[in-house]
Amino acid sequence: MNYISTRGGGEAVDFQTAVMTGLARDGGLFLPSAIPDVRADLSAWAGLEYGALALEVMRRFADLPANDLRAMIGDSYATFRHPDVTPVVAVNSVHILELFHGPTLAFKDVALQFLGRVFAYYLAQSGRRLNILAATSGDTGSAAIAGVRGRFGLRIFVLYPHGRISPTQERQMTTVPDDNVFCLAVRGSFDDCQSIVKTIFRDLPFRDRYELGAVNSINWARLLAQIVYYFYGALRVMARTGARAVRIAVPTGNFGDIFAGYLAARMGLPVSRLILATNENDILARFFNTGVYQRGTVQATLSPSMDIQVASNFERYLYYRVDRDPREVCRLMEAFAQSGQLRLDRVRSAGVEELFAAGTCTTADALATIREFYGQYGYLLDPHSAVGVHVGRQFLSPDEPMLSLATAHPAKFADAIRQATGQDIAHHPVLDALANLPQRCTVLPADADAVRAFLREHIP
Ligand SMILES: *Cc1c(COP(=O)(O)O)cnc(C)c1O
């Protein structure tokens, strides 16, 4: 499979190049040059366990020897604490797809365990090395660290806002003892961290000299790993209920997770509705309900991993929405960069937009959903998963079951659970065990030169 840029520039590249470079040279995002149709395979896939299904899905996109791909998949998901990897649990009117059984208890492990191994695989072949520079407001940092810790040829430098992430999230990063892991607490905001990373990436001579790379959610391998659990969850629910199609609710921030679901639907998975669920940062829900994509200001909510205004993967969806016309993508993205607004006035690609439904969940709604699910069904939702369930329940249908994605273990957001239930019940032994471990981090000023100096000192 070859990969093309959403902005139409340059030649098609292979899987290795798409994964190792992340962003296309023309500033666009990589997409497969064709979407395979797997409808004829679905009945055979229905009984597969997670790893075998992952191999079937991924080998259609990744030009890797089957044995190597199988081994990487096997290793990636052996780190999960549940034999089903991503089990499906029926709770009242919804089926919950639990994506949080990985090393850091958030769904980002599904993609980053795999990505870390893909990086290591290609680096070992080429004899090169890669120094990952990332900014995090919480979940991404620890999942990325867990994906690359101890791996030969890789180092990771994670910037996070000093004193502004939860103590649990900080400990998940700073207690990792491997010497290829560097946690940098920046005296500033998450936006400062992100702008430092961008500044350093724009410094091309520095970037080349220090072999810097990225792990953010625009990397194609992350999306690829996420397509798998849509097949896994939907096929399980259809087998259990006898339904011929499912609806899927997805708590959304960067449009990465739900875009993987969109690709699964285009490959032929019978998804009749993809339900996009946002918290108060509702730029995407507004877009799907009005056709206008307009930047707002970020509000802090109980689901911080979705406190995002500009969704980096949205451009990929836009590409299909304008009938794969890269010039139109460029025009729209330029308009958005200049005015903070983008409007789709022509209704094109009939069928694309009918798939989506969208809604918003307020903080009060999320707290009420957590309280109800715990009180009435004994099931504890984390605040991100509660957003998906709340919005998903607005689109229930009598003959199509609702699958709702649970993206984090509630113990990661124990304060929100306490607020919802009045009880201190959200615990996980993995997180409790971090309390007494030594921490390692370096505090730096919010200044790109200070970070550059740190990198020079720690990259030989
Ligand atoms: C990152 C994250 C999300 C949002 O995922 P996107 O791919 O950005 O839409 C939702 N929930 C949790 C717990 C996350 O860590």
Side-chain angles (χ1 to χ4, degrees), residues 29 86 96-112 115 134-147 160 165-166 168-169 172-173 190 194 215-227 229-230 248-264 274-279 281-285 287-288 298 301-317 356 358 361 366 370 380-392 404-414 416-417 426 428 431:
L29 306 181
T86 62
I96 310 258
L97 178 59
E98 294 185 344
L99 302 172
F100 52 72
H101 294 282
T104 71
L105 309 181
F107 91 104
K108 290 185 172 71
D109 289 324
V110 178
L112 285 164
L115 182 62
T136 186
S137 57
D139 290 341
T140 305
S142 55
I145 288 171
Y160 63 91
I165 67 172
S166 82
T168 305
Q169 287 178 319
Q172 283 189 288
M173 298 192 282
F190 171 62
Q194 223 168 5
V215 285
N216 44 21
S217 72
I218 56 168
N219 193 298
W220 168 252
R222 286 186 63 173
L223 293 174
L224 176 57
Q226 292 175 237
I227 294 174
Y229 56 69
Y230 281 89
I248 307 183
V250 188
T252 305
N254 252 323
F255 207 75
D257 197 2
I258 195 164
F259 184 75
Y262 173 67
L263 289 176
L274 259 183
I275 295 141
L276 179 144
T278 66
N279 62 26
N281 298 289
D282 62 347
I283 176 171
L284 287 165
F287 169 75
F288 279 96
V298 179
T301 73
L302 294 177
S303 40
S305 298
M306 291 155 52
D307 290 349
I308 287 167
Q309 278 291 338
V310 179
S312 47
N313 275 292
F314 183 69
E315 179 170 339
R316 285 187 158 115
Y317 166 72
F356 283 91
C361 174
I370 294 170
L380 204 48
L381 289 163
D382 99 280
H384 302 76
S385 311
V387 168
V389 167
H390 173 80
V391 177
S404 195
L405 272 47
T407 52
H409 190 284
K412 282 199 91 159
F413 300 96
I417 302 300
H428 192 288
L431 299 181

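Computed from a predicted model, the values in this text were never measured in an experiment. Counting starts at 1 for both ligands and their atoms, following the listed order. Values below: every heavy atom of this structure, side chains too, minus hydrogens, waters and symmetry copies.
- Across all non-hydrogen atoms, the minimal contact from T104 to S142 is CG2-O, 3.4 Å.
- The distance from atom CD1 of I308 to atom OG1 of T278, rounded to the nearest 0.5 Å, is 11.5 Å.
- Within 4.0 Å of ligand 1, heavy atoms belong to protein residues F107, K108, D139, T252, G253, N254, F255, G256, D257, S305, M306, H384, T407, A408.
- Proximity of a side-chain donor or acceptor of N281 to a complementary backbone N or O of V298 within less than 3.5 Å is not detected.
- S303 and T301 share a side-chain donor-acceptor pair at under 3.5 Å.
- Side-chain atoms of R316 and N313 form a donor-acceptor pair, as typed in the model, at a separation below 3.5 Å.
- Annotation: the span from L276 atom CG to I258 atom CD1 amounts to 4.0 Å, rounded to 0.5 Å.
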